[in-house]
2 protein chains.
Amino acid sequence: MNALFGKLACVKTKEKAAGGPDTRTRIVRTASRLMQRQGYDGTGIKQISQEAEATLGSVYHFFPGGKQELAVAAIRHGDEEFVHELSAALDSEEDPAAAVLALSASIAAGLRASDWIDGCPITTTSLGTAGRVPDIQEAAAAAFARWRGLVHDKLRASGIAEEDAHALAHTVISTLEGAELASQVSRSVEPLEIAGRHLARLIALHR
Amino acid sequence: MNALFGKLACVKTKEKAAGGPDTRTRIVRTASRLMQRQGYDGTGIKQISQEAEATLGSVYHFFPGGKQELAVAAIRHGDEEFVHELSAALDSEEDPAAAVLALSASIAAGLRASDWIDGCPITTTSLGTAGRVPDIQEAAAAAFARWRGLVHDKLRASGIAEEDAHALAHTVISTLEGAELASQVSRSVEPLEIAGRHLARLIALHR
DNA sequence: CGTCAGCTAGAACGAACGCTCTATCCAGAA
DNA sequence: TTCTGGATAGAGCGTTCGTTCTAGCTGACG
């Protein structure tokens, strides 16, 4: 045990190739994944520390604000993760309608690959704490706004008017969010596939 | 025989004069409202029994299956509740596009009236138990399917082809679900209003 | 070598969890 | 009246919760 953590401490500041991610990163990643699946109240600090192969002391060392601070970090991590998926999909196609179609396919593939367990990385945590933990709500609202911003910019770049781009970005994010939820509950990619087609058509109307 | 008489006696004592809803109904309603706000794990049986003005003994008397059985009943109750709101909105307008617009406005009004706390009555419970409590998942999937069915029938009744009606019903429910979520997180009716307009346009395209 | 800050280790606390259990109440059947 | 069984009542079970606390280990620096 001591020898193991000695090695970890050896690479504490910057992860080396063979050492894996550092403790703080492991904790945030684990918290994000667990809360995405089980929600805020359904995920215990001890479960996080165990699955992250860290100890309770480490968790409270890096997150003195306790579970709430950890949850906010987890939401931000999920935000970042989805931004990458979103950007990749938007960049994969010149036409925004085709890009949104690619995005819905990407989300559907990820959902099915996780056996319908890993939905939106922030929805579950955010919904379960609505009106109770303002920090989490703010982090979630910021994430949604950021995602909408990326879609908005893509639409603007292809010549869609500001007003239309604003509204379309809202609907693209809302619809994909709802369709992912519906796909997860019904254990079928159909809602996401249909949503992708309808969104593409809606976007095509504005060019 | 005994069971029959027992049930008859039960019915008799159910609605005692001016006493309001019976114990079982109070428990289900309270459970539905609390889980809608706080999720499955965030809601305790004792909290439910207290707010329902029932005792722990009563809860386990009516729901011997414990928290899971109670959660399923709560989901079904929320399903029923939304079916009423959905039917009322669909019946309020002849044109399905106008009806969906009315529905989004109705949802937005309810959400704002609750200070952005009471979102979809089954999403929070369902998401927080994904992959853990199959009974809850099935009840939630059935609710979604039922809602889609109502929208589908409305679209068909106004002459939209079966294939289009099927897809549109999916997108209407998905989008409204996602927009309600976005409205709740951003504490603004804008996502729902935009979603309503886009859905109305999408429906109008198919007539 | 000694010191120190950063990080790890895990026992322990009070509170709350889901659930079981026995006791009691009371309307109607016999 | 006595009896019966649905419904209510709540103490208490073992467990787990989030959090606090002290102790120990490590590599870096003087």
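Reminder, nothing fancy here: chain letters follow the sequence lines and each chain counts from 1.
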Quick check for you: among [options], whose closest atom lies nearest to any side-chain atom of [X]?
X        : options                  : result
His61(B) : dG12(D), dT8(D), dG18(D) : dT8(D)
Ser58(B) : dT8(D), dG18(C), dG18(D) : dT8(D)
Ile45(A) : dT19(D), dA7(D), dG18(C) : dT19(D)
Leu56(A) : dT8(C), dA11(C), dG18(D) : dA11(C)
Lys46(A) : dT8(D), dT19(D), dG12(D) : dT19(D)

Whole angstrom is fine here: how far is it from [atom1] in [X] over to [atom2] in [N]?
X        : N       : atom1 : atom2 : result
Gln38(B) : dC17(D) : CD    : C1'   : 16 Å
Met35(B) : dC17(C) : CE    : C1'   : 13 Å
Phe62(A) : dA5(C)  : CZ    : P     : 17 Å
Asp41(B) : dG18(C) : CG    : P     : 9 Å
Asp22(A) : dT26(D) : CG    : C1'   : 16 Å
Glu69(A) : dT19(D) : CD    : P     : 11 Å
Gln50(B) : dG18(C) : CD    : C1'   : 14 Å
Ile48(B) : dC19(C) : CD1   : C1'   : 13 Å

For Glu162(A), does the CD atom have more than 12 heavy-atom neighbours from other residues, nucleotides or ligands under 6.0 Å away? yes
For atom CD of Glu53(B), decide whether the heavy atoms of other residues, nucleotides or ligands shown that lie under 6.0 angstrom number more than 12. no
Under 4.0 Å between any heavy atoms, over every strand shown, what does [X] touch: base, sugar-phosphate, or nothing? Just pick one.
X        : value
Gly57(B) : base
Ser49(A) : nothing
Tyr60(B) : base

Donor-acceptor pair, side chain of [X] and main chain of [Y], under 3.5 angstrom:
X         : Y         : result
Ser106(A) : Ala102(A) : no
Asp115(A) : Ile117(A) : no
Glu180(B) : Ala108(B) : no

Please tell me which of Gly42(A) and Ala54(B) maps to the more 5' nucleotide of DNA chain D, matching each residue to the nucleotide holding its nearest heavy atom. Ala54(B)
Taking for each residue the nucleotide of DNA chain D with the nearest heavy atom, is it Pro64(A) or Thr55(B) whose nucleotide lies nearer the 5' end?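 Result: Thr55(B).
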I want to check one thing: is the phosphate of dT8(D), taken as OP1 and OP2, less than 4.0 Å away from some side-chain N or O of Thr23(B)? yes
